[in-house]
Every structure is written in structure tokens, then in C-alpha cells.
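Only heavy atoms go into these numbers, but all of them, side chains included; no hydrogens, no water, no symmetry mates.
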Amino acid sequence: MATIKDVAKRAGVSVATVSRVLNKNGYVNQETELRVLAAIDELEYQPNLVARTLANKRSGTIALILPDITNPFFPELARAIEDVARSHQYTVILCNSDDQFAREISYVELLAQRYIEGIIFASNTLSTEDIMRLKNQKLPMVVLDRALDYGYCNVVRCNNYLGAKMAVDHLLSIGCQKIAHISGAAPFITAMERLRGYEDRIRTYEWFSPDLTEPGHFTLEGGRQATLELLRRHPDLDGIFAGNDLMAIGALKALRQLGIEVPKQVSICGFDGIALTEITEPELTTVAQPIYEMGATAAKLLFAEIQGTLENKQVYELDVSLIQRASTERSGDVVEPQNSGRR
């Protein structure tokens, strides 16, 4: 294999000149640059990326730290980030944290040693202190989907509270008289915001009760178990709003196991808009996040910060939309929520 010294000898220049051409760092006149590039082609020279990284403290890579890659919501996010990174001639290192803060920090420390140029976090565990510590390392970062406005970094998220109210309004509009909620894990901001949207919309109804909510931990099996428990406590419930689509699919599975018809007896609405909601039977109504747009926006913000063109830290909150499918389609006229059942 040809070395940088071979290229320099063939082009009749110094090793330092070849390095400047490769790294686009420093002045080289056009004639000399063309001679170096021709020598690289002739010798089929492949730069030593490790050496270049050590010399420049730049790796041409960013990291994406996700809580759970098995959740179908996150691969679409990752795809968008990778597409934007490729357009900037960067690669993406994917890290799966399982929502464990210690694992996230160990990833950050390892990646910093390898001169990673920026990180996108989809994290439930980062605190303000953690953000400040990372910012003190001068490491560009964007927090995606699951964070509040820390004021110290850019955040990309959707309007969880409004989306939850949209889901409940839809279930009320088709005639549901008693709506339960399967929530995500309690400390996570997305779970709390969706729970708050649900409760704020129905707390004035006579049938409202705190035990109409059951945690499903954002998993399919959690959604199934939560549905069984909710039906044990409230066998007359006729609507379920699940805090994400995986839990909604779990609810659908539980209802089928019990021989309860969807949507004739119980209607279901999820949240996220993952592709799996289109292949269930019946297909699931969902409050859809613009998943690809969220990932692409986060990546564009990160590269703007890497390039030094982004000054102000902001929260970018994207809109959600209700997609109605068969899991909430009931025969007969659509009805409006009745005031007679309110306190």
C-alpha cells in the first residue's frame, strides 16, 4: 500500500504539502494541488483515517445515543440523522443506552477520546447538571424528543400535551363514555406530558378517576398487562388512549385475547405514528409525530453548531397530527361529547 511519503515523492512535494491537500488546511497553489491529487490517484493512496483524526482532532463522525433501538420509533429517527450526516460527509455511531445514565456517560467519555464531533441524545436521564458538564467539554450536542428546555442546548421535540388532548377529544367525539389511559414510565417527560393532557381533558367528567390510568412502560407487553388490569378495575370502559403505539398494540392484543371487539366495544388510540400501526388488525388510530422531520432537524442543528453558525439555544417543538384508522371507526353518526355527564 502506498504511503503519504510515496505520494509526496511522486508529486515532487513535501509530506506537509500532501497533508495540507488532504486536510484542506493551509494554502497550496492550484498547480501543486492538482499534481498531488494526480499522484494520489496513480498510487491509489488511501489516507490513514486514524492518523488524520489524531492529527486534526476531527473524526468526521457524530454519535447518536438512543434509549432502546428495539422500539420502532427510533430507527426512523436514526435513518433521518444518518441521511443528513451523509450529506455532510459524516458517519454516525449508534449507541444504545437502555435509559441508563451510567451507560450514557461511559459512551460520552469513550467517544470524546475518539474525537467525536457532536452528539445527539434521545435521553430520559439527562439533568441540567449533566448538560452543563457536557457543555463544559465544548462538545456540540442536541437533545431529541425527550427533554425539557434546559436553556443550555438545542432541543427538538413534539407537542406531547396537545397530542394527548387530540387523542382524547377524538375518542370522545366517536361516543366513548369512559376512557382509560395507558401511560409511559412515570419519570419521563413525554409520559408525564401525555398523562397531563389526558387528565386535563377529562377530569371534569363524572366517570373520571385516577385509577383509569395504568403504567405500560412504553412496551408492548406493558400495554397488554395494563389493559388487563384496567379492565379488571373498569369492565365498562369503552376507550383507551395509549401513551405510545407499542402500548396500543399491546392493548389490542389483550382485547383480542379476551374476545372484546375493537372498535365496536372498545376503541383504541395510540401515539407516535410508527409503521406497525398500519399492519395491525384493525389498523390503529394514532397521534403521529413527524418522526423523520424530528431526526433531520436535530442533525441539521448539530451540524450548524459544529460549524459555528448556530448561536442561540432553542426548543424546536414540532406539530403532531391525528391519523384515524379502523380502531376508532364506529358505525352510526359521530357524536359530540355530552355535557350531561360533567360535574
Side-chain angles (χ1 to χ4, degrees), residues 68 70-74 160 163-186 188 190-199 201-202 205 207-289 291 320-330:
D68 182 8
T70 64
N71 184 329
F73 175 80
F74 292 111
N160 295 290
K165 294 184 77 171
M166 289 171 60
V168 177
D169 279 337
H170 174 62
L171 291 169
L172 289 168
S173 75
I174 63 169
C176 291
Q177 300 296 314
K178 193 172 189 179
I179 302 168
H181 176 51
I182 304 175
S183 64
F188 299 162
T190 48
M192 292 188 291
E193 288 179 338
R194 293 170 195 178
L195 172 61
R196 185 165 59 88
Y198 160 79
E199 290 183 336
R201 185 61 187 86
I202 66 165
Y205 283 84
W207 46 263
F208 171 71
S209 170
D211 68 1
L212 275 167
T213 296
E214 181 69 16
H217 309 290
F218 285 136
T219 68
L220 189 151
E221 178 59 20
R224 189 184 75 85
Q225 293 288 351
T227 301
L228 296 175
E229 179 60 23
L230 287 167
L231 286 168
R232 184 189 66 79
R233 295 198 299 253
H234 300 278
D236 58 335
L237 70 83
D238 60 355
I240 294 175
F241 163 49
N244 78 349
D245 289 333
L246 280 182
M247 294 189 296
I249 294 171
L252 183 63
K253 183 177 180 179
L255 293 170
R256 175 167 291 180
Q257 290 173 341
L258 295 172
I260 297 173
E261 295 184 59
V262 177
K264 184 177 180 180
Q265 294 172 273
V266 176
S267 294
I268 304 175
C269 181
F271 199 115
D272 278 343
I274 63 175
L276 284 178
T277 56
E278 299 183 68
I279 61 175
T280 57
E281 181 58 42
E283 293 184 7
L284 278 166
T285 295
T286 184
V287 175
Q289 301 188 67
I291 303 173
V320 295
S321 59
L322 181 82
I323 301 176
Q324 182 175 4
R325 299 197 183 101
S327 69
T328 60
E329 290 179 357
R330 293 188 173 184

### Task
Answer yes if the side chains of T277 and R325 hold a donor-acceptor pair under 3.5 Å, and no otherwise.
yes
### Task
Decide whether T285 and T328 meet the rule of one side-chain donor and one side-chain acceptor closer than 3.5 Å.
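Looking only at side-chain atoms, T328 and T285 do form a donor-acceptor pair, the distance falling under 3.5 Å.
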Measure the spacing between [atom1] of [X] and [atom2] of [Y] and express it to the nearest 0.5 Å.
X    : Y    : atom1 : atom2 : answer
L284 : I279 : CG    : CD1   : 10.5 Å
L255 : L228 : CG    : CG    : 8.5 Å
N160 : F188 : CG    : CZ    : 13.5 Å
I260 : L252 : CD1   : CG    : 11.5 Å
R196 : K165 : CZ    : NZ    : 9.0 Å
T280 : R256 : OG1   : CZ    : 8.5 Å

### Query
Residues two or more places apart in sequence or in another chain: which of them pass side chain to side chain donor-acceptor pair (under 3.5 Å) with R224?
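Scan of R224 (side chain to side chain donor-acceptor pair (under 3.5 Å), adjacent residues dropped) gives E221, Q257.
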### Message
Restricting to side chain to side chain donor-acceptor pair (under 3.5 Å), what partner residues turn up for R233, sequence neighbours left out?
### Response
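Partners of R233 by the side chain to side chain donor-acceptor pair (under 3.5 Å) criterion, ordered by chain and then number, come out as E214, E229.
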### Task
Mind running side chain to side chain contact (heavy atoms under 4.5 Å, CB included) on D68 and F73 for me, showing each step along the way?
CA-CA 9 Å; D68 182 8; F73 175 80; over 6 Å; no
### Message
One pair to check against side chain to side chain contact (heavy atoms under 4.5 Å, CB included): Y205 and Q177. What are the steps and the verdict?
### Response
CA-CA 9 Å; Y205 283 84; Q177 300 296 314; over 6 Å; no
Taking all atoms of both residues into account, what is the closest heavy-atom pair of [X] and [Y], and its distance?
X    : Y    : value
P282 : A326 : CB-CB, 3.6 Å
F218 : T190 : CZ-OG1, 3.7 Å
P263 : S327 : CB-O, 3.1 Å
I179 : F241 : CG2-N, 4.3 Å
C176 : S267 : SG-CB, 4.1 Å
H181 : L230 : O-CD1, 4.2 Å

### Task
Could you check F208 against E199 for side chain to side chain contact (heavy atoms under 4.5 Å, CB included), going step by step and ending with a plain yes or no?
CA-CA 8 Å; F208 171 71; E199 290 183 336; 4.3 Å; yes
### Message
Determine whether C269 and L322 satisfy the following criterion, side chain to side chain contact (heavy atoms under 4.5 Å, CB included), listing intermediate values before the conclusion.
### Response
CA-CA 9 Å; C269 181; L322 181 82; 4.1 Å; yes
### Query
Is the shortest heavy-atom distance from the side chain of L220 to the side chain of M247 under 4.5 Å?
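Of all side-chain heavy-atom pairs linking M247 with L220, none is under 4.5 Å.
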### Message
Any heavy-atom pair between the side chains of K178 and L212 that's under 4.5 Å?
### Response
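Yes. Closest side-chain heavy atoms under 4.5 Å.
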### Pairs where residues 237-247 contributes a residue and the test side-chain hydrogen bond (donor to acceptor under 3.5 Å, both in side chains) is met, not counting sequence neighbours
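Applying side-chain hydrogen bond (donor to acceptor under 3.5 Å, both in side chains) to every pair that reaches into residues 237-247, excluding sequence neighbours, yields D245-T286.
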### Message
For E261, is there any backbone N or O sitting under 3.5 Å from a side-chain donor or acceptor partner on Q265?
### Response
yes
#### Entry: Donor-acceptor pair, side chain of D272 and main chain of I274, under 3.5 angstrom
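No; zero donor-acceptor contacts below 3.5 Å.
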